[in-house]
Visitor: 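Sharing a structure below in structure tokens format, with a few things to ask.
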Amino acid sequence: MDFELSKPQKLLQSSVRELLSRECPTERVRELMATETAFDEGLWQHLADQGLIGLTLPEEHEGMGLGAVELAAVAEVMGSFCLPGPFLSNHWASTLLATAGNNNLAEAYLEPIVDGTLRATIALLEASGDWDPAGVTATAKAQPAGGGYRLDGNKLFVSDADTAGLILWVARLGDELAIFSLSAGIAGMEIEAMPAIDATRKLYRVTLSDVTVPSDRLLAGGEQARAALAFATREATIAACAELVGGMQWITNTTVEYAKSRQQFGKPIGAFQAVQHRCADLLLHLESARSATYSAAWAVAENDPEVDRLVSVTKAYCSDAAREVASSGIQVHGGIGFTWEHDLQLYFKRAKSNELLFGDATYHRERIARMIIDR
Amino acid sequence: MDLTLSPSERAFRDELRAWLASNLPEPFAGQAHSEDRDYLEYLRAWQRRLFEAGYSGLTWPAAFGGRGATPVEQSLFVEEMARAKAPDVVGAIGIGLIGPTIIAIGSDEQKAAYLEPILSGDQIWCQGFSEPDSGSDLASLATRAVRDGDDFIVNGQKIWTSYAHVADYCFLLVRTDSAAQKHKGITCLLVDMKSEGITVKPLRMMSGDAAFNEIFFSDVRVPAGQVLGEIDGGWRVAITALMNERANLGAAVRVMLARFLETLIAALPEIPRPSSSHPSGSMSAAEDPLVRQKIAQAHLDLEVFGMTADRALARVATDGVPGPEGSILKLFWSELNQRMTQGAMEIAGPYAQLADEQEVWGEISYAYLRARGNTIEAGTSEVLRNIIAERVLGFPKSY
Ligand SMILES: Cc1cc2nc3c(=O)[nH]c(=O)nc-3n(C[C@H](O)[C@H](O)[C@H](O)COP(=O)(O)OP(=O)(O)OC[C@H]3O[C@@H](n4cnc5c(N)ncnc54)[C@H](O)[C@@H]3O)c2cc1C
């Protein structure tokens, strides 16, 4: 058993770190936050050129074919820079596209995604806020005589819909799940911003009313749709956890450094035990979240039979830990930590949006309960 | 990164699993408390059986009766013991803390005299560190040992000494030079508990059982050959022992906590929930969403602790030293156990106050009470946070 990242994995991390220190310092993060989409074409192209957009996508579609551990390693660095824009949503959607078993659509869209010219997102959540696809109510109705499908529904909290050329729409076709691949901006589709506290990633309401699409837009249906969505969500959840780990690392470093330099009562505040103990807890949460994230990433990569449980364990832990760490980091900084100017607020808000993304701790605890109580 | 088991680790696990399937004793019928002589003999017999099969002191070098197992194998061992619901290892202090310290620092005579009996359970050891006036500030200890010819003469008092009431030997810290700076005048003695002048007085813990004690030393003669390490060099010995203690306690505790959670989950369908809090009608605890959240939280806490422990072990295996994650383990499990048992008490509702340990309620209430000690024994949570802050994060000393 070996938890250390391999040499190539470490190299991958340092190349991402180098790219982001150059292209995405926090001044740039703040500029992008203030835009409508938080999307930076140039930065995206850099990510694509380094192979990061297609990191885990199959080589036959020009991806790098790497696994969840590499994904975690990369996402951890991205989290430490609070990288704005659609990396996670696009990763989630492109993984679904690659695993849904529909070659035509995969062939049509994966290459432009990998080379950076197209982005995709998934429209899953509805007013109930339920991450379980079983709760989806948006309807798809087969039209007579091969006339395609009629789609209606209202999706909320759709990440980065405004910059996505492709929206994977999760609907209910009779009793079954069905996922459709829709080009953005088709007639009858409305996209409306939902301004949120984490402005580094934008959320949207996407509405379809009386939209008819041809049959070849059906990406997957039934069990195949469910399994592909579960797979993609598992992988993206690990990436979100790794981002949280990267954010917690940034907060811990910044807070410990500050506590050593800020003086009150004639000594560094880090000499006070109450401050020290908070910092010790930052480390406890950070290192525990890291152990969990990489263990779960490994389980995803190896298709471990316990993978669903381990991913839920990890997401629940990281979601709560990151919120605690971000709050504690602000407390140790005092007034300066509460300002708009200090970067802590970026990480605090990202901790919240990632806590909610792919289900918060309460959602994942219920999933765990089903696996350990109801079995 | 590679978290798969190597072929030899897998073989080790399979072999152990098969061995456990045919060697596990019947559960003890009675109160499983260490002051119960029958229970003690039951546990000793279990340890002997483990020893004879080569499963006692796994990580000890083969030359000293262990198997030179890797930390990963040690962790597999703990996991399999938990899975099989195996009894505790009664000589855990000897195997986990004192033996490794004797191996690291002891003389050949000491190794010959103590190591094998520690593994077999023939010798049970206790750890005489804390005193009434020296707890967290261990280095201020005052029990004195004065040289008299070939002996030391020991006078003083230890307190909170677990297992002293059944121990054959004590791993004792004494002051041999009171003029020196406090860390520099301490010596470690290996003391026969049958020596003249030793009195052991059990202390009852708040959980009701008497697992720790006071030890009074009145002109106790200890031969100078019983010094472990150097005279006045006992602080280093103590630190070695404490590091081993924190690392090993965590492993053992994982078994206990996992077993507790299993018991609790199995009991859920029998635990009623008051229908007043659920207007939809009566339901069992297994169906109550609040209960399910608590159970899942305990499970995930325990899993994340396990992953962190594995990571620390893997680090020890490659680097020889625990990484930063090593120092947080004790803090993690002790507080996790308090959260978990607190949750169990809430789930059990009015039944939680019942004390009969033959029933699941008594098991829960006992675990809840006993967990209060976890954040005190083997370094209080405050002291551990001090250590993390100073040694890992590099803050100045706060006291
Ligand atoms: C179940 C159990 C089993 C035990 N078994 C053994 C054993 O086998 N052998 C043995 O030698 N000892 C044993 N102990 C003793 C244990 O090691 C001590 O209780 C512990 O080290 C604390 O010492 P104390 O009780 O004197 O408390 P104190 O040191 O007086 O501490 C009281 C409070 O003050 C806090 N405090 C003290 N110093 C600081 C500081 N610098 N910064 C912040 N807070 C501080 C502590 O955290 C605690 O909250 C056992 C204890 C328990 C509960």
Side-chain angles (χ1 to χ4, degrees), chain A residues 1-6 9 69 73 252 256 259-260 267-268 270-284 286-299 301-302 304 309-310 312-314 316-318 320-321 361-362 364-374, chain B residues 1-6 9 70-72 75 261 265 268-269 286-287 289 291-297 299-315 317-319 323-325 327-328 331-332 335 381-382 384-390 392-399:
Chain A
M1 214 179 348
D2 181 7
F3 272 83
E4 282 292 300
L5 292 179
S6 68
Q9 289 163 346
V69 175
T252 303
V256 167
K260 285 179 184 172
K267 47 174 111 159
F272 302 124
Q273 202 167 65
V275 170
Q276 288 191 358
H277 286 190
R278 253 185 205 281
C279 291
D281 284 341
L282 295 184
L283 189 73
L284 185 147
L286 164 65
E287 293 302 338
S288 306
R290 188 192 303 283
S291 309
T293 297
Y294 283 96
S295 302
W298 179 263
E302 296 292 298
D304 187 294
R309 188 174 54 81
L310 295 174
S312 280
V313 159
T314 299
Y317 187 85
C318 291
D320 284 346
T362 305
H364 283 282
R365 280 189 294 256
E366 174 54 28
R367 277 169 57 97
I368 294 168
R370 281 181 214 162
M371 292 181 254
I372 65 172
I373 300 176
D374 306 339
Chain B
M1 199 175 149
D2 183 355
L3 304 187
T4 42
L5 296 180
S6 69
E9 286 161 353
T70 64
V72 173
S75 154
L261 187 57
I265 291 174
L268 289 178
E287 301 163 287
V291 170
R292 295 165 70 82
Q293 288 287 316
K294 290 198 172 95
I295 293 287
Q297 181 61 39
H299 172 82
L300 76 91
D301 245 357
L302 196 50
E303 285 284 302
V304 175
F305 167 65
M307 294 167 184
T308 305
D310 280 345
R311 189 170 145 224
L313 286 174
R315 180 82 162 249
T318 49
D319 295 7
E325 57 278 10
S327 53
I328 62 186
L331 192 56
F332 196 147
E335 296 188 347
S381 289
E382 289 76 17
L384 293 173
R385 287 190 169 87
N386 289 345
I387 291 173
I388 294 169
E390 290 160 30
V392 186
L393 298 176
F395 284 119
K397 215 174 163 77
S398 64
Y399 51 96

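Since this is a predicted model, take the numbers as computed values, not measurements. Lettering follows sequence order; numbering is per chain, from 1.
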Visitor: Below 4.5 Å from any heavy atom of chain B, which atoms of A:D304 appear? Answer side chain, backbone, both or neither.
Guide: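 For A:D304, neither part sits under 4.5 Å from chain B.
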Visitor: Determine which pairs satisfy salt bridge (charged side-chain N to carboxylate O under 4.0 Å, His left out) with at least one residue from residues 300-309 of chain B, sequence neighbours left out, and list them in order.
Guide: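 Counting only pairs at least two positions apart or across chains, the salt bridge (charged side-chain N to carboxylate O under 4.0 Å, His left out) contacts touching residues 300-309 of chain B are A:R309-B:E303, B:D301-B:R339.
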Visitor: Would a 4.5 Å heavy-atom cut-off, applied to side chains only, mark B:R292 and A:E366 as touching?
Guide: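 The answer is yes, as the side chains (C-beta and beyond) meet within the 4.5 Å cut-off.
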Visitor: Sort out for me which of A:Q9, A:R370, A:R290, A:M371 touches chain B most, counting heavy-atom pairs under 4.5 Å.
Guide: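 Of the options given, most contacts go to A:R290.
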Visitor: Using heavy-atom distances under 4.5 Å, tell me whether A:A259 contacts chain B through its side chain, its backbone, both, or neither.
Guide: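 Both the backbone and the side chain of A:A259 come within 4.5 Å of chain B.
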Visitor: Atom OG in A:S291, atom CD1 in B:I328: separation rounded to 0.5 Å?
Guide: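 If we round to the nearest 0.5 Å, A:S291:OG and B:I328:CD1 are 6.5 Å apart.
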Visitor: Given the options A:F272, A:Y317, A:W298, A:Y294, which has more heavy-atom pairs under 4.5 Å with chain B than any of the others?
Guide: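 Sorted descending by pairs with chain B, the first entry is A:W298.
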Visitor: Between A:E302, A:E4, A:K260, which has the largest tally of heavy atom pairs under 4.5 Å with chain B?
Guide: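 The option with the most such pairs is A:K260.
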Visitor: B:S6 versus chain A, heavy atoms under 4.5 Å apart: side chain, backbone, both or neither?
Guide: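 B:S6 has no heavy atom closer than 4.5 Å to chain A.
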Visitor: Compare every heavy atom of A:I372 with every heavy atom of B:I265, then report the nearest pair and how far apart it is.
Guide: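 In terms of heavy atoms, the two residues are closest at CG2-O, 3.6 Å.
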Visitor: I want to check something: taking the side chain as every heavy atom from C-beta on, are A:Q273 and B:E382 in contact at a cut-off of under 4.5 Å?
Guide: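 No, every pair of side-chain atoms sits at 4.5 Å or beyond.
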Visitor: With chain B as the partner, which of A:L282, A:V313, A:L5, A:V275 has the greatest number of non-hydrogen pairs under 4.5 Å?
Guide: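 Option with the greatest count: A:V313.
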Visitor: If you round to the nearest 0.5 Å, how far is CE of B:M307 from OG1 of A:T314?
Guide: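 Separation between the atoms: 4.5 Å.
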Visitor: Looking at CD of B:Q293 and NE2 of A:H364, how far apart are the two atoms once the value is rounded to the nearest 0.5 Å?
Guide: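 The CD atom of B:Q293 sits 11.5 Å away from the NE2 atom of A:H364.
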Visitor: Among B:L5, B:T4, B:T70, B:L331, which residue forms the greatest number of heavy-atom pairs with chain A at distances under 4.5 Å?
Guide: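 Heavy-atom pair counts peak at B:T4.
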Visitor: Who wins among A:A289, A:S288, A:A297 for the most heavy-atom pairs under 4.5 Å with chain B?
Guide: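 Top option by heavy-atom pairs under 4.5 Å: A:S288.
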Visitor: Any idea which heavy atoms bring B:V304 and A:A292 closest together, and the distance?
Guide: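 So the two residues come closest at CG2-CB, 4.0 Å.
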Visitor: Given that the side chain runs from C-beta out, which part of B:Y399 has a heavy atom under 4.5 Å from chain A: side chain, backbone, both or neither?
Guide: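 The side chain, not the backbone.
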Visitor: Which pair of non-hydrogen atoms, one from A:G270 and one from B:P396, has the smallest distance, and what is that distance?
Guide: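 Shortest heavy-atom contact: O-CD, 4.0 Å.
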Visitor: Hey, what do you get for NE2 (A:H277) to OG (B:S398), rounding to the nearest 0.5 Å?
Guide: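 If I round to the nearest 0.5 Å, the distance is 5.5 Å.
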Visitor: Is the closest side-chain heavy-atom distance between B:D2 and A:F3 below 4.5 Å?
Guide: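 B:D2 does not reach A:F3 side chain to side chain.
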Visitor: For A:S295, check side-chain hydrogen bond (donor to acceptor under 3.5 Å, both in side chains) against everything at least two apart and list the hits.
Guide: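 Testing A:S295 for side-chain hydrogen bond (donor to acceptor under 3.5 Å, both in side chains), a comparison that skips the adjacent residues, returns none.
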Visitor: B:Q297 versus A:D320: any side-chain heavy-atom pair under 4.5 Å?
Guide: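 Contact flag for B:Q297/A:D320 side chains = yes.
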Visitor: Calculate, to the nearest 0.5 Å, the distance between atoms OG1 and CG belonging to A:T252 and B:L393 respectively.
Guide: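 The distance works out to 8.5 Å.
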Visitor: Please round to the nearest 0.5 Å and tell me the distance separating atom CD of A:E287 and atom CD1 of B:I388.
Guide: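 Rounded to the nearest 0.5 Å, the CD-CD1 separation comes out at 10.5 Å.
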Visitor: Under a 4.5 Å heavy-atom cut-off, does chain A meet the side chain of B:L268, its backbone, both or neither?
Guide: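 Just the side chain, heavy atoms under 4.5 Å.
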Visitor: By a 4.5 Å heavy-atom criterion (distance strictly below it), what part of A:V256 contacts chain B: side chain, backbone, both, or neither?
Guide: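 Both parts, backbone and side chain.
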Visitor: Relative to chain B, which of A:D374, A:D2, A:V69 shows the most heavy atom pairs under 4.5 Å?
Guide: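 The candidate making the most pairs under 4.5 Å is A:D2.
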Visitor: Below 4.5 Å from any heavy atom of chain A, which atoms of B:L3 appear? Answer side chain, backbone, both or neither.
Guide: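 It is both, since atoms from each part get that close.
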